[in-house]
Protein chains: 2
Amino acid sequence: MADSRTTRSEGLGASSPAPAVTRAAAVLEALADSPSGRLTLSDLSRELGIPKSSTSNLLLALEEARLIIRQGADFALGRKLVELGAAYLSRLDEVQEFYKYCEQAPTLSGETVRIAMLDGDHVIYLARYEGHPAVRLTSNIGDKMPVSLCSVGKTLLAQLHDHDIEAMFPDGMELPTMTANSLRTAEELKAQIATIRKQGFAFEDEESTVGVVCLAVPVPTHGAHGPSLGLSVTALKATYSEEQGALMVKELKELARSLGNPMG
Amino acid sequence: MADSRTTRSEGLGASSPAPAVTRAAAVLEALADSPSGRLTLSDLSRELGIPKSSTSNLLLALEEARLIIRQGADFALGRKLVELGAAYLSRLDEVQEFYKYCEQAPTLSGETVRIAMLDGDHVIYLARYEGHPAVRLTSNIGDKMPVSLCSVGKTLLAQLHDHDIEAMFPDGMELPTMTANSLRTAEELKAQIATIRKQGFAFEDEESTVGVVCLAVPVPTHGAHGPSLGLSVTALKATYSEEQGALMVKELKELARSLGNPMG
DNA sequence: GGTTATTGTTCAGCAGATTGAACAATGAAT
DNA sequence: ATTCATTGTTCAATCTGCTGAACAATAACC
């Protein structure tokens, strides 16, 4: 939780074409990363290394834009961010298609399916289809998850070049863990990636949550740009069978293929 | 669609404590409002009245912060906004409680329930519980809706002071419509608000979608600040009955009360 | 209550971001 | 091909937003 602090620490040193904007973005990020989600002017000034008077100006401007709000003495993220985030998602054609496909897929339509996107060494969940009301995930849209801890993360990693993976996970690096089954070292992760590349899909066996298994496939990126997306199904280990898994992978792959092709 | 143009038009004239930030926010908003979600540097420069060279600087800084991304020639909202929006929602304790309550409520647990927030003359949907997989709303989290067109919007309006309502909807004002049942004038809206205040809940009869009815209640705002929230249930008119409606209103009110009390 | 350590605000001077005109690079039209 | 229109980039001069020290206003402490 507190380890990603160094990432932001300075970084503002490098001159920006519009420093005020870069700093404002840092403010938003600091608020998002803060455990309580609320920071005072002084907190922000101290943490980001920005003079108080400047911080005050930034906060005033951000507040006027409703990107943040005052709550008594301290500041928190504003509701406009929900709007902007939603605007982003609504433009992502893949999300619309994702819902439609899930609803009419023979096996998937009864499961919990998610579409996620790579964001550095984390994965962000963009949308969730729930075909099985009994099993409900605690995770929400927009949540972040370390790549090494979920099957989607690993499929997305598997699509990167080896030197990128090496840069993110140098040998000997310890990984964050959540259960006894979680991968522990960079070496284990790379071994799994090799398997995923061979199989074309990832399987996760109680690595993030006890009692839960996961299957995931990558969405082939059409063209150069565009985010790398992945699909996953989550199922209870108790009711999971290999045959069912094979069916789900087949449907996931079909959906992934259709998402990859610009024209459905 | 194109009528809200004037709102943003200048507005930047008023001096800001950090103009670059205010302009950057305007850029994000312009991208969110744009039908295609993609605008070029020149588009933005023209629309916002910012010199091209300055716009270029803003875009570079925003891109570096990953609040926007380049897509060939033009720019679009970035995925970081999803993250920030999610961070906002995750701090909203009400959303967590909302899910929990819906799951174990006798009647609501089988329906589609949503929690929404007032944002000017629109309503933003923050979370959606779906107990009935057969009926799936096309609306997504973060979507916006004119207040006058949905029951949640009207309950939230009903909580405002009369002079605020008068300012937003002066007599004679025409309202946006979506079906034959949609309210058409400010007078009709105010009459409904009076009814809602008496009843304590709002009923919507195919005013936004044919074949769909809605019930909504406001969440009492505890203390001075904090957003005004509302809850709604959506049901098919075909299967809707008054008795069922009464049950749902009862449960909605209970949930609203518990959300209103800081300590559950 | 008096002291100390905070907090957020104010303001004048300087560092520096902003600007517009001129530039090159692309694409549309003749 | 040649022109025309438009795009995004470059750069030096200027205007202005940023800064830090001093301020007032709380809050925490003994």
Side-chain angles (χ1 to χ4, degrees), chain A residues 8-28 30-31 34 36-65 67-78 223-225, chain B residues 8-31 34 36-78 223-225:
Chain A
R8 189 176 54 255
S9 61
E10 63 239 308
L12 304 171
S15 66
S16 155
V21 176
T22 305
R23 306 224 267 204
V27 166
L28 295 179
L31 286 173
S34 148
S36 71
R38 317 167 94 239
L39 293 173
T40 67
L41 186 151
S42 300
D43 289 337
L44 288 163
S45 168
R46 199 176 320 108
E47 184 162 347
L48 301 175
I50 304 174
K52 279 193 294 182
S53 48
S54 313
T55 309
S56 173
N57 285 336
L58 292 177
L59 293 176
L60 254 52
L62 284 171
E63 187 185 11
E64 198 185 316
L67 294 171
I68 64 173
I69 54 162
R70 282 190 103 98
Q71 290 187 342
D74 34 35
F75 294 85
L77 296 179
H225 45 268
Chain B
R8 189 174 56 253
S9 61
E10 63 237 314
L12 303 171
S15 68
S16 155
V21 176
T22 305
R23 305 223 267 206
V27 167
L28 295 179
E29 211 167 324
L31 286 173
S34 148
S36 72
R38 317 167 96 242
L39 293 173
T40 67
L41 186 151
S42 300
D43 289 337
L44 287 164
S45 168
R46 198 176 318 109
E47 184 162 346
L48 301 175
I50 303 174
K52 279 194 293 182
S53 48
S54 313
T55 309
S56 173
N57 285 336
L58 291 177
L59 293 176
L60 255 52
L62 284 170
E63 187 185 13
E64 197 185 318
R66 300 205 309 188
L67 293 172
I68 63 173
I69 53 163
R70 283 191 103 98
Q71 291 187 341
D74 36 35
F75 294 86
L77 296 179
H225 44 268

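Values below: all heavy atoms of this structure, side chains included; hydrogens, waters and symmetry mates excluded.
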Nearest-angstrom distance from the residue atom CG of Leu59(B) to P of dT18(C): 12 Å
Length of the line joining Leu44(A):CG and dT9(C):P, which is rounded to integer Å: 13 Å
Contacts under 3.5 Å, N or O only, protein and nucleotides 5-8 of chain C:
from   : atom 1 : to       : atom 2 : distance (Å)
dT7(C) : OP1    : Arg46(A) : NH2    : 2.9
dT7(C) : O5'    : Ser42(A) : OG     : 3.1
dG8(C) : OP1    : Leu41(A) : N      : 3.4
dG8(C) : OP2    : Ser42(A) : N      : 2.9
dG8(C) : OP2    : Ser42(A) : OG     : 2.3
dG8(C) : N7     : Lys52(A) : NZ     : 3.0
dG8(C) : O6     : Lys52(A) : NZ     : 3.2

Validation row: Ile69(B), Glu63(B) side chains within 4.5 angstrom (heavy atoms): no
First of Ala18(A) and Ser53(A) reached from the 5' end of DNA chain C, by closest nucleotide: Ser53(A)
Contacts of Asn57(B) that satisfy side chain to side chain donor-acceptor pair (under 3.5 Å) - sequence neighbours left out: none
CA sep, side-chain torsions, deciding dist, call: Asp43(B), Asp74(B), side chain to side chain contact (heavy atoms under 4.5 Å, CB included): CA-CA 9 Å; Asp43(B) 289 337; Asp74(B) 36 35; 5.9 Å; no
All stems with DNA chain C, defined as three or more consecutive Watson-Crick or G-U pairs under 3.5 Å: C:3-6 with D:25-28, C:9-22 with D:9-22, C:25-30 with D:1-6
Minimum-distance pair of heavy atoms, taken over all atoms of Pro51(A) and Ser45(A): C-OG, 3.8 Å
Interatomic distance, Leu58(B) CG vs dG17(D) P [rounded to whole Å]: 13 Å
Distance in angstrom units between Asn57(A) CG and dA17(C) C1', rounded: 14 Å
For atom CZ of Arg23(A) and atom P of dC18(D), their distance in whole Å: 7 Å
Between CG on residue Leu77(A) and CG on residue Leu31(A), distance to nearest 0.5 Å: 5.0 Å
Verdict with reasoning, Leu48(B) to Thr55(B), per side chain to side chain contact (heavy atoms under 4.5 Å, CB included): CA-CA 9 Å; Leu48(B) 301 175; Thr55(B) 309; over 6 Å; no
Gap between atom CG of Leu44(A) and atom NZ of Lys52(A) - 0.5 Å precision: 13.0 Å
Test item: Leu62(B) and Val27(B) side chains (from C-beta on) under 4.5 Å apart, heavy atoms: yes
